[in-house]
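The block underneath contains the structure these notes are about, expressed in structure tokens.
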Amino acid sequence: MRETEEIEYDRRRLAGMPRRTALKLAGVLGAAASAGPLWTGRAAAAGPIVKPLPADRFVVHGSNAEMRWESMSGVGDLVPVDRFFVRDHTETPIIDAAKWRLELWGSGLRGAPPEDRPIEIGYDELRRLPSRAVTARIECAGNGRSFFTSQQGQRVAGTAWGLGAVGVARWRGVPLATVLRRAGLTPDAVDILPEGLDRPYVADGADFGRVRRPLPVRKALHDVLLAYEMNGEPLPPDHGHPVRLVVPDWIGISSIKWLGRIEVADRPLYSPWNTQWYRLTGPGYPAEGTLVTRQNTKSAFELPWAAELAGGRTHLLRGRSWSGSGRVRRVEVSTDGGRTWRAATPTGADHGWRRWTIPWRPPGPGSHTVRARATGSDGLAQPDVAPYNTQGYLFGAVVAHPVTVH
Ligand SMILES: Nc1nc2c(c(=O)[nH]1)N[C@H]1C(S)=C(S)[C@@H](COP(=O)(O)O)O[C@H]1N2
Ligand SMILES: [Mo]
């Protein structure tokens, strides 16, 4: 599915949206959406995130934690769970897999079960279905957001991520297509609405209901996974235990964690996560904004921020580049403020991202910057400036990484 088709689809879906549906969904549905939680037992002292967040591996932002890039230096393609970023709208719930059920309901299923009689599938049943493993990247749409401010002097709303709100893992699970077809998917189904079991998201005094974002059936059938394993282990609590969606190449919010229910509809669906957030808004965008679906192209050095390097010798700099619209074709590095660029050497195939190295002998002690610029298979190189949008999504410009040489 090309990005232009996705945006066109969203335009048609918005055109059909009854006035103030978004508001109604945010209030009424949010409050009514769910029966009692099937999770309890969070230790009172625990923070929003369950796993340890040592300062040499993570930078914590409220209920979110980003990976420190230097913690991936020399590590393979997969990001170990002990450094994989976490984005929680509220907090990580502890869910008992033995009691877990996925409910499917809605007008896009044969027999159209009403909401109070959903089709259910349990954890053991899901694990008995033919599984598939994929190496896929999950990245927050706001990854790199802080550079709108620090590099471009622009004010944006949202978590001030550096470049560490991204990770690649090996996910195992059941293709969502398998479960949708078993549930009786009809040819008229157009959208699904996967919903998390974490507690409803309340912000600025408004209850937006459970975290949920519509996904076109076309994408759902293409390559989406109901994942129960991450890097060969059962999905950890912070990453969606027992079951999450993995939606390759699309923005992180698509990959709903702690999946509890999926509405399947023969008409377009809405939630604040596709009407209010995850749209590009601001000067140059239509009043209703442009939907964000795919990730863009980015690069990062496996170096501390800021890095400190010894002068008088050659260092082998390592980094990674990735793209939401295909593979990374080429990576260039500049160590002189962007005046000249040298080709970096790829160190493997593109498994979620392209790893690369480049030697650098700093010219002398003092402050320097290093820059990496990737070109995707679409032929587009990362630009010098990222187009501004008020919520700071998709920062894809070249990042100037500070290095102090001693
Ligand atoms: N139920 C639920 N799913 C969710 C979220 C959430 O808060 N609740 N956060 C989303 C966002 S914004 C991102 S970027 C990814 C992050 O996945 P991770 O925490 O496993 O890295 O999960 C998505 N799925
Ligand atoms: Mo996100």
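Just follow the structure's listing: the first ligand is 1, and inside any ligand the first atom is 1.
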(message) Quick check: Trp258 and ligand 1, any N/O pair under 3.5 Å apart?
(response) no
(request) Answer whether the closest heavy-atom distance between the side chains of Ser254 and Arg213 falls below 4.5 Å. (result) yes
(request) With heavy atoms of Asp88 as the reference, note each atom of ligand 1 found under 4.0 Å away. (result) 7 (O)
(request) Return the orientation label for the His89 and Trp273 ring planes: parallel under 30°, perpendicular over 60°, tilted otherwise. (result) perpendicular
(request) Determine whether any heavy atom of Tyr278 lies closer than 4.0 Å to an atom of ligand 1. (result) yes
(request) Say whether His89, considering both its backbone and side-chain N or O atoms, lies within less than 3.5 Å of an N or O atom on ligand 1. (result) yes
(request) Using a strict cut-off of 4.0 Å, indicate which atoms of ligand 1 neighbour a heavy atom of Ser255. (result) 22 (O), 23 (C), 24 (N)
(request) Enter the distance from Ser323:OG to Asp249:CG here, rounded to the nearest 0.5 Å. (result) 7.5 Å
(message) Tell me whether Arg210 reaches ligand 1 (any heavy atom closer than 4.0 angstrom to a ligand atom).
(response) no
(message) If I apply the N/O under 3.5 Å rule, does Asp198 come out as touching ligand 1?
(response) yes
(request) Compute the shortest N/O to N/O distance between Arg244 and ligand 1 and return yes if it is under 3.5 Å, no if not. (result) yes
(request) Check each atom of ligand 1 against the heavy atoms of Gly196 and keep those under 4.0 Å away; list them by number with element. (result) 1 (N)
(request) Would you mind listing which atoms of ligand 1 come within a distance below 4.0 Å of any non-hydrogen atom of Phe84? (result) 21 (O)
(message) Check this for me: does any side-chain nitrogen of one of Glu70 and Arg83 sit under 4.0 Å from a carboxylate oxygen of the other?
(response) no
(request) Examine the side chains of Trp322 and Gln295 and answer whether a donor and an acceptor come within less than 3.5 Å of each other. (result) no
(request) Would you please name every residue forming a ring-ring contact (aromatic ring centres under 6.0 Å, His included) with Phe395, sequence neighbours left out? (result) Phe147, Phe148
(message) With nothing but distance in play, are any N or O atoms of Phe85 less than 3.5 Å from an N or O of ligand 1?
(response) yes
(message) Could you work out, with side chain to side chain donor-acceptor pair (under 3.5 Å) as the rule, every residue matching Arg145, not counting sequence neighbours?
(response) none
